[in-house]
Amino acid sequence: MREVIFICALANLRKCAQRKQLAEIHNNMTPETENKMRVLIVDDEWGMREGSKRILLAEGFDVDIAESGATARAIAAQKIHDIYLLDLKLPDVDGITLLDEFHTQSPNSVFLIVTAYATLDAAVEATRKGAFDFVAKPFTPQQLRQVVNRVAERRRLLLEAERLRKEREERLMELATERTRTKSILSTLREGVLVVNTRGEIVLYNGIALTMLQLSKLDVGSQLAPQLPESKLKDAVLELLQLPENEENEKLFEVEGLAEGQMFSVYATPVPSKDGSEAGRTIILQDVTHQAELDRAKSNFVRIVSHEIKAPVAAVIGFTDMILQGYVTEEEKKTEYLMRSKRRLEGLIDMVKDLLSITRAEAAELKGNFSPLDFGALVKEVVSSLESSALEKKLTVVLELGEIPPIAADETAMMQLITNLVSNAIKYNKDEGTVTVCAHIAGDGVELTVADTGIGIPKSAVATIFDPFFRVKSDATKKIQGTGLGLAIAQRVVKMHRGRIDIESEVGMGTKFIVWLPAERK
Ligand code: ADP
């Protein structure tokens with residue numbers, strides 16, 4: 001009887017406008033499923049198998065059939081099917097077991113249970129194992145068509161959900177990669193970066209910004225202002241955030257940092273959104289302490305140099321005016337004034353020479369003009385060139401040279417360093433004193449000591465002794481001519497060679513300069 005209904009239904013089906021139905025099915029399908037959906041029919045009844053196959057082929061499905069559990073397993077092992085029509089009563093295996101297996105194998109496929117013996121228990125069990133729907137035998141082609149199309153729709157939705165899930169995962173991966181990339185780029189910057197949205201919430205920042213603000217972290221998504229420590233830096237950041245949209249965002253602040261003596265430049269640039277409006281602001285923090293120090297040192301230097309030049313020039317003008325205006329009439333006095341003018345001008349020339357040496361040392365450092373130098377030979381040469389001035393003061397000059405390997409150095413600068421130290425040891429010595437110059441290997445470099453038995457340097461002057469133009473003012477130094485630049489030059493030369501210079505001195509006893517220079521340029 002069942003077969004009769006089924007066959008009649010089949011005949012009816014053939015009469016139907018198949019094209020129209022197929023078109024309907026196609027319209028229901030997503031691009032992924034435009035390729036035919038695959039159905040596996042597992043049923044031991046030949047009529048059911050073949051009848052269902054024909055109906056579903058006509059519906060536009062791709063259909064495989066299996067008469068037993070074993071065949072079904074073999075087919076399912078070859079390919080995944082979109083839809084499984086499973087008879088619960090098979091000769092060799094329980095349909096529920098098969099459902100369980102196939103569901104595990106393809107969780108996104110849809111399972112339709114076809115059985116003549118559907119009981120509530122079987123239904124519950126099959127649903128638990130992943131079945132989507134039931135169709136009870138006997139059924140009409142229309143019923144089968146309806147249920148299978150419903151199942152196909154379910155499969156389509158599952159596929160779509162799966163596609164969206166994958167897409168989302170990929171997008172998330174992309175976002176994560178993008179974020180990591182942005183973060184690594186930001187971390188390579190020397191500037192501190194804070195990106196804030198229009199609501200004043202922090203969106204992005206880099207580690208340097210944290211260091212500059214002396215913070216261990218910033219809470220992304222929270223207001224920036226309450227997280228910043230009270231400081232001029234905070235005031236500048238907040239002022240930049242409050243500036244009207246796109247206007248004056250480039251305003252630059254030079255403010256003190258949180259640490260003593262620290263200077264920052266702070267400015268903001270707008271972050272545009274797609275429609276051109278402002279989506280937020282990027283605040284850039286730049287540590288300009290070093291630049292500020294350099295600027296200060298430079299203007300200080302210029303101020304001192306002009307002062308040092310002005311004094312001798314004014315003196316020379318004074319002397320010559322006195323002569324020209326006839327205030328000095330005695331020939332002897334005139335000669336004395338001219339001699340004094342000459343000395344001041346000579347001093348000026350020395351100063352210009354020394355200033356040029358400083359510039360030269362700085363330029364050499366920039367150029368990195370270093371080549372292997374026989375340091376011992378250079379010390380010897382400088383000492384012998386100064387022997388005549390030592391003789392004038394009846395000084396004993398002792399030279400102690402060890403085995404010294406060549407060192408990487410700028411020869412002219414090095415000669416200047418040794419000359420300045422040895423000539424000072426002569427200049428500031430007492431008559432019949434001693435100058436001892438030693439050079440030997442020390443660690444991975446050389447050590448040069450220049451010691452004298454002269455007037456010494458007061459403790460109060462030691463801290464500023466290397467400052468340009470600094471000279472100890474005392475009765476002992478009054479008559480000794482100098483520019484106050486010799487030690488400043490010496491210190492610069494040592495610094496450019498990445499060395500060290502130290503001083504030991506006792507007033508009335510003598511002074512010792514100790515210089516260490518690395519053998520290799522680092
Ligand atoms: P200058 O000798 O031209 O004055 P320097 O820069 O060489 O300038 O030295 C700065 C000052 O340091 C000198 O004016 C002097 O007061 C002091 N000084 C330098 N070397 C010695 C030394 N060997 N003994 C005593 N005082 C020294």
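Note that ligands are numbered from 1 as they come in the structure, with each ligand's atoms numbered from 1 the same way.
Between the side chains of Ser273 and Ser277, at least one donor-acceptor pair of N or O atoms lies under 3.5 Å.
In this structure, Gly456 counts as a contact residue of ligand 1, since one of its heavy atoms falls inside 4.0 Å of the ligand. Using a non-hydrogen distance threshold of 4.0 Å, Leu485 registers as a contact of ligand 1.
At distances below 3.5 Å, not a single donor-acceptor pair connects side-chain atoms of Glu191 with backbone N or O atoms of Leu186. Counting only distance, with no hydrogens or angles, the side chain of Thr289 and the backbone of Met263 share a donor-acceptor pair below 3.5 Å.
Under 4.0 angstrom from ligand 1, the non-hydrogen atoms of Thr511 all belong to its side chain.
For the pairing with Thr483, the side-chain contact (heavy atoms from CB on, under 4.5 Å) check across Leu348, Val352, Asp350 returns one residue only, Asp350. When each of Arg343, Arg344, Lys342 is checked for a salt bridge (Lys or Arg N to Asp or Glu O under 4.0 Å) with Glu346, only Lys342 meets the rule. Remark: of the listed residues Arg165, Arg171, Arg163, Arg163 is the sole one forming a side chain to side chain donor-acceptor pair (under 3.5 Å) with Glu167.
Looking only at heavy atoms of the protein, atom 21 (C) of ligand 1 is closest to Tyr428 CD1, 3.5 Å. The nearest heavy-atom contact from the protein to atom 12 (O) of ligand 1 is Ile465 CD1, 3.1 Å. Atom 26 (N) of ligand 1 has its closest protein heavy atom at Ile457 CG1, 3.2 Å. Here the protein heavy atom with the shortest distance to atom 4 (O) of ligand 1 is Arg471 NE, 2.5 Å. Looking only at heavy atoms of the protein, atom 10 (C) of ligand 1 is closest to Phe470 O, 3.2 Å. Counting protein heavy atoms only, atom 23 (N) of ligand 1 is closest to Asp452 OD2, 2.9 Å. From the protein, the heavy atom lying nearest to atom 7 (O) of ligand 1 is Asn424 ND2, 2.8 Å. Regarding atom 3 (O) of ligand 1, its nearest protein heavy-atom neighbour is Thr483 N, 2.8 Å.
Distances from atom 8 (O) of ligand 1 to the heavy atoms of Gly482, Gly484, Ser423 put Gly484 nearest.
Within the listing of ligand 1, atoms 5 (P), 6 (O), 7 (O), 8 (O) sit less than 4.0 angstrom from a heavy atom of Gly486. Here is the list of ligand 1 atoms found below 4.0 Å of a heavy atom in Val472: 14 (O), 16 (O). Close contacts of ligand 1 with Lys427, meaning ligand atoms under 4.0 Å from a residue heavy atom, involve 1 (P), 2 (O), 3 (O).
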List the atom pairs, donor and acceptor, that lie under 3.5 Å between side-chain atoms in residues 390-408 and the rest of the protein, sequence neighbours left out.
unit_1 : atom_1 : unit_2 : atom_2 : d
Lys393 : NZ     : Ile426 : O      : 3.2
Lys393 : NZ     : Lys427 : O      : 2.9
Lys393 : NZ     : Asn429 : O      : 2.8

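Below 3.5 Å of separation, one finds an N or O of Leu487 facing an N or O of ligand 1.
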- I would like to know whether Phe102 and His81 meet ring-ring contact (aromatic ring centres under 6.0 Å, His included); could you show each step before the answer? CA-CA 9 Å; Phe102 291 169; His81 290 77; 8.4 Å; no

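Taking CG of Leu386 as the reference point, atom CD of Glu381 lies at 10.5 Å (rounded to 0.5 Å).
Using cut-offs of 30° and 60° on the angle between ring planes, the pair Tyr337 and Phe319 is tilted.
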